[in-house]
Protein chains: 2
Amino acid sequence: MTERKPRKDAARNRAAVLAAADALFVRCERPDDVTMADVAAAAGVGKGTLFRAFGDRTGLIKALYEARLEPIEEAVTAGPPPLGPGAPPPQRVLAVLDALLCFKLDNRRLALALESTGGDSPYGAAHYGRWHTLLRTMLEQVPGLADGDFAAHALLAAVRADLVEHLAGPQDVPRERMRAQLADFTGRVLGAAPAGT
Amino acid sequence: MTERKPRKDAARNRAAVLAAADALFVRCERPDDVTMADVAAAAGVGKGTLFRAFGDRTGLIKALYEARLEPIEEAVTAGPPPLGPGAPPPQRVLAVLDALLCFKLDNRRLALALESTGGDSPYGAAHYGRWHTLLRTMLEQVPGLADGDFAAHALLAAVRADLVEHLAGPQDVPRERMRAQLADFTGRVLGAAPAGT
DNA sequence: AACGATACGGACCGACGGTCCGCTTTGCAA
DNA sequence: TTGCAAAGCGGACCGTCGGTCCGTATCGTT
């Protein structure tokens, strides 16, 4: 309805901006020494173009983030178990959180940029709602868990970008160790009692 | 050694700034519509004074935060159990996290300001290290918990200011409910098997 | 009283996110 | 091919904010 196909140059510029921003975020130390002017310059584009295409800084970061995240969301909604649907809830929760952790490790700066976008919290972003709903739904199928809603929030908090950055960076915790730690922690939440049914 | 007693007006101004900033942070919607100029004006002081006393914005917020936090740290290090030393680790972990949650509920805007101080993450702040060490130490005495270090980080992440804000604000979760949720979640981490010894 | 040390305060600066508007490009249609 | 309106471009420009600087006022000591 309200769909209007963009002009060719607009599409090209949008892509150029995304690519440039991506590269800049990878190379930067802290996310906010990538300025909008930097991105525009690196993309060979005026600032006006950049802001028209993405609205504001947050919009640009969100667009980048969603683009990177898409394969994972695809794998979760339509891929094979244990990530995809069909796996028993506990295993799938483990798998989803692990995937999320790996994603943040692979996109540290970008995730950091998104979550530390001053002003609005990460909890306003659309994708957060999706992850939370998914986790909550699965957690509610775990017997004995009183409150899936809060548990979902808390588990997601365990893979927040700045925590991951803190551990992977200054603390120098290796990737596999972090994954194991997270899996252990999550396992406890899912039911520390190893016996069952 | 490097201690020099401050001049009387300096001390008075410092106090005025702290009080003014405190009031402004309580009344504000988002932490960054309290500007340094606002604080200076509200305190009846020039910007120069403000920056000389606290270094920068982060310094001011940290000073405020630590001041507010002091009673709780006191209660933890020297008060009666279960918050103070002497309580068995699981109960004390519960008590500490509950105290922390209540603190963030009572100081939402301030905590938010501190943790969203763009640039450096919350993990650089001194008090974070203190809480983490305390929790880790206690968690390591809980049997079956493989990694107290990560668990401590993850539990602290569950009471992060913006999560608390998200739940208490937009989601309108009542205080007591949040406390119960956190306690339940923490209990699971500590050992979901309620039976035992 | 007088004088050095200390602190004050607001004009000033540089940076950044975001806007505006005259000019260029695009793509449709005659 | 040419003409033309709409869509898009880009960089000068703006307001705001954190932070600095330095001439002036205050303190407290002798």
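Note that this is a predicted model, so its numbers are computed, not measured.
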Atom pairs, protein N/O to nucleotides 26-30 of chain D N/O, distance under 3.5 Å:
unit_1	atom_1	unit_2	atom_2	d
D/dT26	O2	B/Arg7	NH1	3.2
D/dT26	O2	B/Arg7	NH2	3.3
D/dG28	OP1	B/Lys8	N	3.3

Please check if the distance between the ring centroids of A/His132 and A/Phe150 is under 6.0 Å.
-> no
Angle class for the B/His153/B/Tyr128 ring planes (parallel below 30°, perpendicular above 60°, tilted otherwise)?
-> parallel
What is the distance from CG of B/Leu50 to P of D/dC17, rounded to the nearest Å?
-> 14 Å
Specify the residues of residues 34-42 of chain B, ordered by number, for which at least one heavy atom lies under 4.0 angstrom from an atom of DNA chain C.
-> none
When rounded to the nearest 0.5 Å, the distance separating CG of B/Leu60 from CZ of B/Phe25 is 6.0 Å
Would you list the protein and nucleotides 21-24 of chain D atom pairs, both N or O, that sit under 3.5 Å from each other?
none

Could you tell me whether B/Tyr65 and B/Phe103 have their ring centroids closer than 6.0 angstrom?
-> yes
Any chance you could measure A/Leu114, atom CG, to A/Leu64, atom CG, to the nearest 0.5 Å?
-> 10.0 Å
Can you name the side chain to side chain donor-acceptor pair (under 3.5 Å) partners of B/Asn107, sequence neighbours left out?
-> B/Arg68
Pairwise salt bridge (Lys or Arg N to Asp or Glu O under 4.0 Å) hits with a residue in residues 81-108 of chain B, at least two apart | B/Asp98-B/Arg179, B/Lys104-B/Glu115, B/Asp106-B/Arg175, B/Arg108-B/Glu165
Interatomic distance, OG1@A/Thr117 vs NZ@A/Lys62, rounded to 0.5 Å, equals 8.5 Å
To the nearest 0.5 Å, tell me how far A/Arg136 CZ sits from A/Asp147 CG.
-> 10.0 Å
Nt span of DNA chain C in reach of chain A heavy atoms at under 4.0 Å, 5' end first, is C/dC16 to C/dG27
Kindly determine whether A/Arg160 and B/Asp162 satisfy salt bridge (Lys or Arg N to Asp or Glu O under 4.0 Å), including the steps that lead there.
-> CA-CA 12 Å; A/Arg160 283 196 46 174; B/Asp162 47 7; 2.8 Å; yes
Phosphate OP1/OP2 of D/dG8 contacted by A/Asn13 side-chain N/O (<4.0 Å) = no
Between D/dC17 atom C1' and B/Arg30 atom CZ, what is the distance in whole Å?
-> 14 Å
Distance from B/Leu145 atom CG to A/Phe185 atom CZ, nearest 0.5 Å?
-> 8.5 Å
How many Å lie between CG on B/Asp33 and C1' on D/dC17, as a whole number?
-> 13 Å
Gap separating the OG1 atom of B/Thr186 from the CG atom of B/Leu94, nearest 0.5 angstrom = 6.0 Å
CA sep, side-chain torsions, deciding dist, call: A/Asp33, A/Arg30, salt bridge (Lys or Arg N to Asp or Glu O under 4.0 Å) | CA-CA 6 Å; A/Asp33 42 57; A/Arg30 291 170 322 154; 3.8 Å; yes
